[in-house]
Amino acid sequence: MALWFCRVCGLDYDESPWGADGRTPDHTWCSCCGTEFGFHDASLEAARQRRAQWLGAGAEWFYPNIRPAGWNLAQQLAQIPVDYQ
Ligand SMILES: [Zn+2]
């Protein structure tokens, strides 16, 4: 199964929080950037705004305890879907 990548920070997910049809967001939060799926990432503009805000605040993890050792912000940002860069 294809991975899904957060539109704001690029974190990979085994399942899309936007549902099987890609149009049914579950309104959970990204573990990394804290984006509310279906709200902060509902449009390109919203995703860019949220990303700028998150990066400006220091790119902290929403759940810092699950931040992987050796986490690389630049590598993760490179995974952001092209349509939302
Ligand atoms: Zn994210």
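In what follows, every heavy atom counts, from backbone to side chain, and hydrogens, waters and symmetry copies are set aside. No experiment lies behind these values; they were computed from the predicted model shown. Position 1 is the first residue of the sequence, and the numbers go up from there. Counting starts at 1 for both ligands and their atoms, following the listed order.
- Shortest non-hydrogen contact noted between A47 and D41 is CB-CA, 4.4 Å.
- Inside a sphere of radius 2.8 Å centred on the Zn ion (ligand 1), the protein N/O/S atoms present are C6 SG, C9 SG, C30 SG, C33 SG.
- Residue pairs meeting the side-chain hydrogen bond (donor to acceptor under 3.5 Å, both in side chains) criterion with at least one partner in residues 56-83, sequence neighbours excluded, are W71-Q76.
- Environment of CZ in F39: sparse, with no more than 12 heavy atoms of neighbouring residues, nucleotides or ligands closer than 6.0 Å.
- With hydrogens and angles disregarded, no donor-acceptor distance shorter than 3.5 Å links the side chain of R7 to the backbone of A42.
- When side chains are defined from C-beta on, Y13 counts as touching C30, because their heavy atoms get closer than 4.5 Å.
- Between the side chain of R50 and the main chain of C9, no donor-acceptor pair closer than 3.5 Å is present.
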